[in-house]
Amino acid sequence: TMVSIAPTQGPLGIPFRVEDVVLTADAAITKGQVCKLTLDTSNLVFDAATPAAAADSIFDADADGTSDLFHLFGVALEDIAINKKGSFRLKGVVEALGGDTTAAQLPLKVGADGELVVADGNPAADGASNQRVIAISLETLADATLKKVLFDGLNGFGAIEP
């Protein structure tokens, strides 16, 4: 079953759940980068991460009519050297790297180099434009700058289709 990111309302609004994990970096990772989680096929666990690319949040990145891999995501909570362990946020409020400038409360998808960008409001009518929303901006984002977002790298916040 799907678990909600928000528990019962607290006295001053909605206190969002935080879920953090320790994973191995498959590449050098910077604090705030959105990373796709790596599945170890020998024991079927997600045990590592690498910076995400824009295509990772697209359902059919090559527009061949067949869905591509469905990725899970985390945000690096620290700088992590390649092959070293580090902490990642899977769900909750987190400081993530922005890839463009936008207002608060907008849907975000993965952009280039693990940065978050605004999801397309009216994507093209092709398979390569179906996108998954994995965060909501809580502040105005700026390129390569850490800003607070509401993040859910497991379930996401829905999808935007043509």
Side-chain angles (χ1 to χ4, degrees), residues 1-7 16-77 80 82-83 85-100 102 105-138 141 147-162:
T1 61
M2 196 176 284
V3 177
S4 172
I5 192 172
F16 291 100
R17 287 189 175 119
V18 169
E19 291 185 25
D20 295 343
V21 294
V22 174
L23 301 170
T24 301
D26 283 335
I29 295 172
T30 303
K31 179 181 179 179
Q33 268 190 312
V34 176
C35 297
K36 68 178 176 182
L37 308 188
T38 307
L39 177 65
D40 180 338
T41 55
S42 64
N43 60 10
L44 302 181
V45 298
F46 290 90
D47 63 356
T50 188
D56 294 332
S57 63
I58 305 297
F59 296 133
D60 182 13
D62 48 13
D64 65 356
T66 304
S67 292
D68 293 322
L69 299 178
F70 187 87
H71 296 291
L72 303 178
F73 301 94
V75 176
L77 297 176
I80 311 166
I82 188 169
N83 296 325
K85 293 183 187 290
S87 296
F88 294 83
R89 174 127 326 139
L90 298 181
K91 287 184 175 184
V93 176
V94 64
E95 286 190 331
L97 287 173
D100 59 10
T102 184
Q105 301 181 48
L106 290 178
L108 305 173
K109 65 177 182 174
V110 177
D113 301 320
E115 295 179 339
L116 291 171
V117 297
V118 178
D120 300 326
N122 187 18
D126 60 44
S129 297
N130 299 332
Q131 53 203 314
R132 190 165 160 227
V133 174
I134 60 169
I136 299 169
S137 57
L138 297 178
L141 298 185
K147 295 292 182 174
K148 287 186 179 169
V149 300
L150 180 58
F151 182 81
D152 188 343
L154 302 180
N155 302 315
F157 295 98
I160 299 177
E161 298 179 4

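No hydrogens, no waters, no symmetry mates; every other heavy atom, side chains included, goes into these values.
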Item to check | Gly111 versus Val117, closest heavy-atom pair with distance | outcome: CA-CG2, 3.9 Å

Checklist entry - If every non-hydrogen atom of Pro51 is compared with every non-hydrogen atom of Ala27, which pair is closest and at what distance? => result CD-CB, 3.9 Å

Next on the checklist: Let me confirm one number: the CD-CD1 distance from Gln131 to Ile160, rounded to the nearest 0.5 Å.
Outcome noted: 5.0 Å

Checklist entry - Does Gln33 use its side chain to pair, donor to acceptor, with the backbone of Leu97 at less than 3.5 Å? => result no

Item to check | Value rounded to 0.5 Å, distance of CG in Leu116 from CG in Leu106 | outcome: 12.5 Å

Checklist entry - Looking at CZ of Phe73 and CG of Leu154, how far apart are the two atoms once the value is rounded to the nearest 0.5 Å? => result 10.5 Å

Checklist entry - Is there a side-chain contact between Cys35 and Ile29, using heavy atoms and a 4.5 Å cut-off? => result yes

Checklist entry - Are any of the side-chain heavy atoms of His71 and Leu69 separated by less than 4.5 Å? => result yes

Checklist entry - For the atom pair CD1 (Ile82) and OG1 (Thr24), what is the distance rounded to the nearest 0.5 Å? => result 11.0 Å

Checklist entry - At their closest point, which heavy atom of Glu95 faces which heavy atom of Val75, and how far apart are they? => result O-CG1, 3.7 Å

Item to check | Residue pair Val21 / Leu37, side-chain heavy-atom distance below 4.5 Å | outcome: no

Checklist entry - Between Asp120 and Lys109, what is the shortest heavy-atom contact and its length? => result OD2-NZ, 3.3 Å

Checklist entry - Does any non-hydrogen side-chain atom of Val149 lie less than 4.5 Å from one of Leu141? => result yes

Checklist entry - CZ of Phe151 to CD1 of Ile136: how many Å apart, nearest 0.5 Å? => result 12.0 Å

Checklist entry - What pair of heavy atoms forms the shortest contact from Ala52 to Val110, and how long is it? => result CB-CG1, 3.6 Å

Item to check | Gap separating the CD1 atom of Ile134 from the NZ atom of Lys91, nearest 0.5 angstrom | outcome: 13.5 Å

Checklist entry - Does some side-chain heavy atom of Leu108 sit less than 4.5 Å from a side-chain heavy atom of Val118? => result yes

Checklist entry - Above 12 or not: heavy atoms from other molecules or residues under 6.0 Å from CG of Asp26? => result yes

Checklist entry - How far apart are the closest heavy atoms of Ile80 and Gly86, and which atoms are they? => result CD1-CA, 3.5 Å

Next on the checklist: Enumerate the salt bridge (Lys or Arg N to Asp or Glu O under 4.0 Å) contacts for residues 33-49, please, sequence neighbours excluded, ordered by first and then second residue.
Outcome noted: Lys36-Asp56

